[in-house]
2 protein chains.
Amino acid sequence: MTKARKTVLEVVEQEGSPLSARQIGARIAGHDTATVYRALHYLEEKGLIDSFVLHCDRHGTERYYTTGGACHRHWFHCVECHRFIDLGECVVGDMIEKIGRQKGLAVTGHTFFATGLCADCQAAGKMPGRLPSDTCSTQTD
Amino acid sequence: MTKARKTVLEVVEQEGSPLSARQIGARIAGHDTATVYRALHYLEEKGLIDSFVLHCDRHGTERYYTTGGACHRHWFHCVECHRFIDLGECVVGDMIEKIGRQKGLAVTGHTFFATGLCADCQAAGKMPGRLPSDTCSTQTD
DNA sequence: TCAATTTTGCAAATCATTTGCAAAATACTG
DNA sequence: CAGTATTTTGCAAATGATTTGCAAAATTGA
Ligand SMILES: [Mn+2]
Ligand SMILES: [Mn+2]
Ligand SMILES: [Zn+2]
Ligand SMILES: [Zn+2]
């Protein structure tokens, strides 16, 4: 494990919630974007991190990385403040495994996440279909 | 509803399984890529189609479009032949709604799909972690 | 210590998707 | 219907995330 890869892994593990490559790069000093992406590929292939692709109006289509391993989790993405909220350990794995087996499929992976408004943003009076004038107050990088 | 938009909608509805913008464009004669994308945005905003973003090694990160409306479904993507297989009507909507409510979240949408090997590709002796020399026999566009 | 292998930084390339802009199509109005 | 306002489209150029070629730097191993 090289220093760059270790650093990327530590950033992902310490954050706890999903991070984009751009966000990871911003948290690392002195490493090129290509190195970050190559480290992410390496770590995912080793099973040390997981990823999923999410599209939101503000950030477009980006891949997000989380800690990997046996106990994988799923997330909620607030379309207003763009924070991720932990939905807990996977509760759909067994379900999809069973459905797949009924159809003769060998399920090796799945992607699951929800979107909407977090509690804070609801309290702030934001509506799901918000105006473009609304700002992104919490997530700037 | 303009002709271009109607054509795009018909292509999506007639296909039944998810299609990428590229595939949709290939099924339509005489319409620019930009027009296809703009039609897709329009149709999705009107709730006539749904979409999700999926990443696979062969096709990279692409957005896939399906028929929209009340009864939405989820899909399995074969990483070998790249066909989509219908997993039936959504069975996670209520579940995630409940989990969200417990955490004070206003869930407005979710993405859920599985990946692996379809029955045909398993029978053909393909393994989930396949070699780059394996070819994409069924999906060419 | 020296050659072989792997990793990195930098710049350029990819590729899906978006956007500016003027022409074409459509909707409206008198 | 004619004339004008609004919307949509085609084309080309721009975007932005991600990938890749290549030579230098770092690491490995004998
Ligand atoms: Mn976001
Ligand atoms: Mn595919
Ligand atoms: Zn929020
Ligand atoms: Zn298959």
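Chain naming here is simple, since letters A, B, ... match the order of the sequence lines and numbering starts at 1 in each.
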Could you state the CG-C1' distance from A:D57 to C:dT17, rounded to the nearest angstrom?
14 Å

Please work out which residues in residues 29-42 of chain A have a non-hydrogen atom less than 4.0 Å from an atom of DNA chain D and list them by number.
A:A34, A:Y37, A:R38, A:H41

Run the salt bridge (Lys or Arg N to Asp or Glu O under 4.0 Å) check on B:R63 and B:E44 step by step: do they pass?
CA-CA 12 Å; B:R63 194 158 183 166; B:E44 186 161 20; 3.5 Å; yes

In whole angstroms, the gap separating P of C:dT14 from CD of B:E62 amounts to 18 Å

Before we go on, tell me: are the rings of B:F76 and B:F113 under 6.0 Å apart, centre to centre?
no

Chain B vs DNA chain D, heavy-atom contacts under 4.0 Å, first-to-last nucleotide span, 5' to 3', is D:dT8 to D:dC11

ILVMFWY network linking A:V36 to A:L19, side-chain heavy atoms under 4.5 angstrom:
yes

Please table the atom pairs, donor to acceptor, closer than 3.5 Å between any side-chain atom in residues 5-17 of chain A and protein atoms at least two apart or in another chain.
unit_1 : atom_1 : unit_2 : atom_2 : d
A:T7   : OG1    : A:K3   : O      : 2.7
A:E15  : OE1    : A:R27  : NE     : 3.3

Could you tell me how far apart A:H59 (NE2) and C:dT17 (P) are, to the nearest whole angstrom?
19 Å

Nearest-nucleotide wise, let me know which of B:A21 and B:T2 is further upstream toward the 5' end of DNA chain C.
B:A21

I'd like to know whether the aromatic ring centres of B:F84 and B:Y64 sit less than 6.0 Å apart in this structure.
yes

What side chain to side chain donor-acceptor pair (under 3.5 Å) pairs are there with at least one residue in residues 30-43 of chain A, not counting sequence neighbours?
none

Under 3.5 Å donor-acceptor pairs involving side-chain atoms of residues 66-75 of chain B, not counting sequence neighbours:
unit_1 : atom_1 : unit_2 : atom_2 : d
B:H72  : NE2    : B:H74  : NE2    : 3.2
B:H72  : NE2    : B:H110 : NE2    : 3.1
B:R73  : NE     : B:D86  : OD1    : 3.2
B:R73  : NE     : B:D86  : OD2    : 2.8
B:R73  : NH2    : B:D86  : OD2    : 3.2
B:H74  : ND1    : B:F112 : O      : 2.9
B:H74  : NE2    : B:H110 : NE2    : 3.2

Would you give me the side-chain donor-acceptor pairs under 3.5 Å for residues 89-98 of chain B, sequence neighbours excluded?
none

